[in-house]
Amino acid sequence: MTIRNLPKAEVSARPGAYPGISPKALDRWNPDVRAAASDEEPATISILDVIGEDWWTGEGVTAKRIGGALRAIGKRDVVVSINSPGGDYFEGLAIYEMLRQHEARVTVRILGLAASAASVIAMAGDDVQIARSGFLMIHNTWVMAAGDRNALREVADWLEPFDNAAVDIYAARSGLDTGELAKMLDKETWISGREAVDLGFADEILEPAQIDGTAKASGATATLRAERKFDILAAKAGMKRKEGRELLAALKGGTPGAASTGMQDAAVIAEVRDLLNRVKTI
């Protein structure tokens with residue numbers, strides 16, 4: 001199936017509004033799921049992390065990184081492997097647009113989860129394959145914003161065209177009615193692998209041999225999920241990145257080389273309680 005008539009994605013950020021990730025998507029994301037190794041594959045791009053620059057480390061899947069990979073690949077076919085809980089919707093739109101404009105064939109493989117911004121990226125494939133145990137998750141654009149009621153109304157109005165753009169992209173791929181899709185976004189809809197094929201979001205079920213299913217959720221996976229959730233809490237509470245990093249370092253055991261003390265532990269606990277209290281008021 002060739003999709004070259006997909007709608008163009010317009011991308012524009014807004015000062016004071018920051019991308020958000022659905023906590024439910026983080027809970028269901030297993031970062032250990034990835035493509036099985038193969039010597040016969042064409043050029044491959046892996047999207048196996050949050051979309052956009054990570055709030056703490058600067059890692060994550062960015063449009064800049066994908067653009068660099070596509071330039072290196074040139075006019076060759078490419079396989080895009082996805083297992084992501086989503087993230088920065090505007091980075092996701094930019095990546096979608098890059099893949100949409102790629103001059104050779106694009107095959108998308110959803111190995112585990114393609115949630116939120118990652119689900120939009122997945123729609124750019126000429127062929128979309130999904131694991132039987134995989135999921136798409138679609139919802140309205142998420143951001144974190146602060147301000148009075150007038151400022152928040154402006155943010156809501158600014159977001160509406162992006163939700164409409166997502167509906168148009170999903171409709172072009174699936175053929176579903178735009179009104180029905182808008183309702184699916186409003187209520188946050190999880191779509192299993194078989195449902196994704198039946199509804200037209202994907203073309204076929206991915207063969208099990210193409211997925212590395214030996215990896216299990218590990219302690220490192222649980223830690224990664226916890227850190228992502230901490231990112232969300234800190235951003236919602238209005239914490240600056242430097243403050244958040246310092247608090248997270250203290251939670252992990254304090255500043256390297258510094259001895260932990262009861263007083264230090266108490267201070268960290270107090271900061272975390274303050275963070276949670278600030279979030280509750282938002």
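You'll find the side chain of Ser174 stays beyond 4.5 Å of the side chain of Leu199, heavy atoms only. In this structure, Lys187 and Lys183 have side chains that are not in contact, with every pair of non-hydrogen atoms separated by 4.5 Å or more. For the pair Tyr96 and Ile66, the minimum side-chain heavy-atom distance is 4.5 Å or more. Put simply, the side chain of Phe201 does not reach to within 4.5 Å of the side chain of Ile130, judged on heavy atoms. By the 4.5 Å heavy-atom criterion applied to side chains, Ser116 and His139 are counted as neighbours. For the pair Leu70 and Gln101, the minimum side-chain heavy-atom distance is 4.5 Å or more. Ile205 is listed as a side-chain neighbour of Arg194, based on a closest heavy-atom distance under 4.5 Å. Residues Tyr89 and Trp142 form no side-chain contact, since every pair of their non-hydrogen atoms from C-beta on lies 4.5 Å or further apart.
Summarising the geometry of Ser119 relative to Ala114, their closest heavy-atom pair is CB-O, 3.4 Å, with the distance given to 0.1 Å. When every heavy atom of Ala131 is checked against every heavy atom of Leu206, the shortest pair comes out as N-CB, 3.7 Å. In this structure, Arg65 and Gly60 approach most closely via the heavy-atom pair NH1-O, 4.2 Å. Annotation for Glu53 and Thr62: closest pair N-CG2, 3.8 Å, computed over non-hydrogen atoms. Ile110 and Ala122 get closest at one heavy-atom pair: CD1-CB, 4.0 Å. Of all heavy-atom pairs spanning Ala117 and Gly87, the tightest one is CB-N, 4.2 Å.
Rounded to the nearest 0.5 Å, atoms OG1 (Thr141) and CG (Leu185) are 7.5 Å apart. Atom CE of Met98 is separated from atom CD1 of Ile45 by 10.0 Å, given to the nearest 0.5 angstrom. To the nearest 0.5 Å, atom OG1 of residue Thr178 and atom CG of residue Asn164 are 9.0 Å apart. The CD atom of Glu154 sits 12.0 Å away from the CZ atom of Arg149 when rounded to the nearest 0.5 Å. Atom-to-atom distance recorded for Trp190:CH2 and Ile138:CD1 is 11.5 Å, nearest 0.5 angstrom.
Between the Asp126 side chain and the Thr107 main chain, no donor and acceptor come within less than 3.5 Å of each other. A side-chain donor-acceptor contact under 3.5 Å links Glu91 to the backbone of Ala63. The backbone N or O of Val120 sits nowhere less than 3.5 Å from a side-chain atom of Arg173 that would complete a donor-acceptor pair. With hydrogens and angles ignored, the 3.5 Å screen pairs a side-chain donor or acceptor of His102 with a backbone N or O of Arg76. Side-chain atoms of Asp88 never come within 3.5 Å of backbone atoms of Ile51 as a donor-acceptor pair (strictly under, hydrogens ignored). Listed for the Asp203 side chain is a donor-acceptor partner under 3.5 Å among the backbone atoms of Val128.
Partner Ile82 forms a side chain to side chain contact (heavy atoms under 4.5 Å, CB included) with one of Ile47, Leu48, Leu111 and no other, that one being Ile47. Between Ile121 and the options Leu99, Val108, Ile169, Leu93, a side chain to side chain contact (heavy atoms under 4.5 Å, CB included) holds for only Leu99.
Salt bridge status for Lys8 with Asp168: absent, with no side-chain N to carboxylate O gap under 4.0 Å. Between Glu97 and Arg100 a salt bridge is recorded (basic side-chain N to carboxylate O distance below 4.0 Å).
Ring geometry for Trp158 versus Phe90: interplanar angle of 30 to 60°, hence tilted.
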Next on the checklist: Run Met184 and Leu181 through side-chain contact (heavy atoms from CB on, under 4.5 Å) and show every step you take.
Outcome noted: CA-CA 5 Å; Met184 293 171 73; Leu181 282 163; 4.0 Å; yes
Item to check | Stepwise side-chain contact (heavy atoms from CB on, under 4.5 Å) check, Asn140 with Leu159 | outcome: CA-CA 9 Å; Asn140 290 325; Leu159 284 174; over 6 Å; no
